[in-house]
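Right, one structure below, let's go through it.
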Amino acid sequence: MKVERIQAPRGTKDVLPEEAKRWRAVEQAVDEVGELFGFGEIRTPAFESLRLFKRAVGEETDIVSKEMYLLQSKGDSSEEFALRPELTAPVVRAALENSLLSGQSDCLRLYYNSQPNFRYEKPQLGRLRQHHQFGTELLGPADPFADAETISFAIAVFRKLGLKNFRVRLNSLGSPESRAAWKEVLVPYLRQHFDKLSKDSQRRTETNPLRVLDSKAPEDQEIVRNAPIILDYLSADDKAHFTTLKSALESVGIECNIDPLLVRGIDYYTRTVFEVTSSDLGSQDALCGGGRYDNLVEQLGGPPTPAVGFGAGIERLLIALEKAEMLRLAEEQALIYIVALGPEAKPKAFETAGLLRAAGLRTMYDLLSDRSMKAQMREANREGATHVYIIGESELQDGAGMLKNMQSGEQIKVAFESLVSHMMGVGSSEPNYIIHHS
RNA sequence: GUGGGCGUAGCUCAGUUGGUUAGAGCGCCAGGUUGUGGCCCUGGAGGUCGUGGGUUCGAAGCCCAUCGCUCACCCCA
């Protein structure tokens, strides 16, 4: 009988047990940093009203115009939905919907962890159709230290995980007024060199001139290099904001590369934009991207509320950590493997495992039927058992099993009823991962 | 979306200009040790050569399509 195998959808990945340990290490690090910074966790639905993204991210952006998964809705609702391609808009929506902003003059500090995002793209290493992000959103503060706080949150996670070979790129896109002034100079400049620009950049000159700046096409490089830069068109306030941010980051040892060519593909950004890239990643090298979005909350129907945040890709972070061989998982705590010989021993093994587990001791036993001692021992060894507790016919008779230390090979008889207390002296409660820093 | 590379056992890979029963290492299972793991020795299981067509006396190798991975672009986390 030949049955067609159904595959996982293109651009999605299964996370298997070994890999899942690495995921948990990253997720733990994010939660710890969130705790450390006093941010509260938020989780939002995987799909939202399509209008949310059209309004927030921008209808002309690639993300909205060609990368969204649209959902067909049942019933008579004419509402269209989309799997979320990013998290800032949903988080802002949730904050407004749950009145998190009203009645408090303080700022709202939110973070999210391991949240799936969906974009219909051609898959590549580090570019999936479903990928996961952690990130933050600070709603309320206009202060440049909020920008510094945001970047430093991201860096704290990376440092905690021992990531190296990463670089922070920073730029300011200015307030809408500054940007308009700059565009008035930039667009004529690009038109002036129109013939020499790459096809893509010619198109972008009209649709999204900012994006010409981070073109990688060789023929664009010189034109881009001599193009008017936004930093020269910033208002006094924009400039002061940027300067304060730069020195704040410097004061905590976060090195930034000011990159006037850094633009980002989402419409809502104002002033600060930044990106963290890794040299261990190939062409999809952005680990984290974010910036300030002072007008978005209002655009989504809230009160005028300045805000800043970032999103970071977990799959990419894991690739970078693996390339640099950074994330080492520590050896596990004690593990007891019960070897049961014969059908009479199995119930006793199950019962004993229950007692050990109730006492917080990791315990396993063979789930296959009637396997030889050799097979069970081999599996115990493979699973990394520190101890094996053997229950056979004679052990059942005299009420005591054989406890073997797998490292030394020594074995002693331990009565069924005293096994738990005996093992309690052996177990440890080490954390299940450690991180190497150099 | 555009252009290039790849697809042989669970994994990493061999497979000579198309030529009989498609191989290795690791892993897995069993035996050597009638109730003792790791090391060693012996044996075994496991492959519609990604899938579907085509060319040919004959295809893992050639041609076409398709699926998947991958690299660069586009875009981005």
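Just so it is clear, the values below take in all heavy atoms, side chains as well, and ignore hydrogens, waters and symmetry mates. Chain A is the first sequence line, chain B the second, and so forth, proteins listed ahead of strands; every chain is numbered from 1.
As rounded to whole Å, 11 Å separates atom P of B:C69 from atom NZ of A:Lys13. Taking atom CD of A:Glu379 as the reference point, atom P of B:C28 lies 11 Å away to the nearest angstrom. Between the P atom of B:G27 and the CZ atom of A:Arg382 lies a distance of 11 Å, rounded to the nearest Å. Atom CE of A:Met68 and atom P of B:C76 are 14 Å apart (whole Å). Per the geometry, CD belonging to A:Glu410 stands 17 Å off P belonging to B:G37, to the nearest Å.
Contact annotation for A:Gln124: base contact, defined as any heavy-atom pair under 4.0 Å involving a base atom. Residue-level contact check: A:Gly135 touches neither bases nor backbone, having no heavy atom under 4.0 Å from any strand. Contact annotation for A:Ile314: no contact, since no heavy-atom pair falls under 4.0 Å across all strands. Counting non-hydrogen atoms under 4.0 angstrom, A:Ile390 reaches a base of the nucleic acid. Residue-level contact check: A:Gly290 touches neither bases nor backbone, having no heavy atom under 4.0 Å from any strand. Across all strands, A:Glu395 comes closer than 4.0 Å to base atoms (heavy-atom distances). Using a 4.0 Å heavy-atom criterion, one finds that A:Leu287 contacts the sugar-phosphate atoms exclusively. Looking at heavy-atom distances under 4.0 Å, A:Lys66 makes no contact with the nucleic acid at all.
Taking 4.0 angstrom as the limit, A:Arg10 places a side-chain polar atom (N or O) nearer than this to OP1 or OP2 of B:C69. An OP1 or OP2 oxygen of B:C73 is reached within less than 4.0 angstrom by a side-chain nitrogen or oxygen of A:Ser283. Between A:Arg119 and B:C74 there is no side-chain polar atom (N or O) within less than 4.0 angstrom of OP1 or OP2.
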Any protein N or O atoms within reach of nucleotides 30-32 of chain B? Criterion: under 3.5 Å, listing atom names and distances.
unit_1 : atom_1 : unit_2   : atom_2 : d
B:A30  : OP2    : A:Arg378 : NH2    : 2.3

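Between A:Leu341 and A:His132, the residue whose closest nucleotide on RNA chain B is further toward the 5' end is A:Leu341.
Between the side chain of A:Arg316 and the base of B:C76, at least one donor-acceptor pair of N or O atoms lies under 3.5 Å. Counting distance only, with no hydrogens placed and no angle test, the side-chain atoms of A:Asn381 and the base atoms of B:G38 include no donor-acceptor pair under 3.5 Å. Remark: the A:Arg203 side chain and the B:C74 base include no donor-acceptor N/O pair separated by less than 3.5 Å. Between the base of B:G50 and the side chain of A:Gln7 there is no donor-acceptor pair shorter than 3.5 Å. Between the side chain of A:Gln376 and the base of B:U36 there is no donor-acceptor pair of N/O atoms closer than 3.5 Å.
Taking the syn range as angles within 90° of 0, the glycosidic angle of B:G31 is outside it, so the base is anti.
Exactly one of A:Phe53, A:Tyr69, A:Phe81 qualifies for a ring pair (Phe, Tyr, Trp, His ring centres under 6.0 Å) with A:Phe47. That residue is A:Phe81.
When the P atom is used for both B:G54 and B:C49, the distance is 16 Å, rounded to whole Å. As rounded to the nearest Å, B:C29 and B:A65 have P atoms that lie 44 Å from one another. Nucleotides B:C62 and B:G5, compared at atom P, are 13 Å apart to the nearest Å. Between B:A9 and B:A22, the two C1' atoms lie 11 Å apart (nearest whole Å).
Side chains of A:Gln407 and A:Thr386: no donor on one and acceptor on the other come within 3.5 Å. Between the side chains of A:His193 and A:Asn226, no donor N or O sits under 3.5 Å from an acceptor N or O.
The CG atom of A:Leu190 sits 11.5 Å away from the NZ atom of A:Lys183 when rounded to the nearest 0.5 Å.
Of all the heavy atoms in A:Tyr268 and A:Ala56, the pair that sits closest is CD2-O, 3.1 Å.
In summary, A:Arg225 and A:Glu222 do not engage in a salt bridge, as defined by a charged side-chain N under 4.0 Å from a carboxylate O. Residues A:Lys13 and A:Glu315 are not paired through a salt bridge, judged by the lack of any N-O separation under 4.0 Å between the basic side chain and the carboxylate. Note on A:Glu351 versus A:Lys348: salt bridge recorded, some NZ/NE/NH1/NH2 to OD/OE distance being below 4.0 Å.
With A:Tyr233 as the aromatic partner, A:Arg179 does not meet the cation-pi criteria of under 6.0 angstrom to the ring centre and within 45 degrees of the ring axis.
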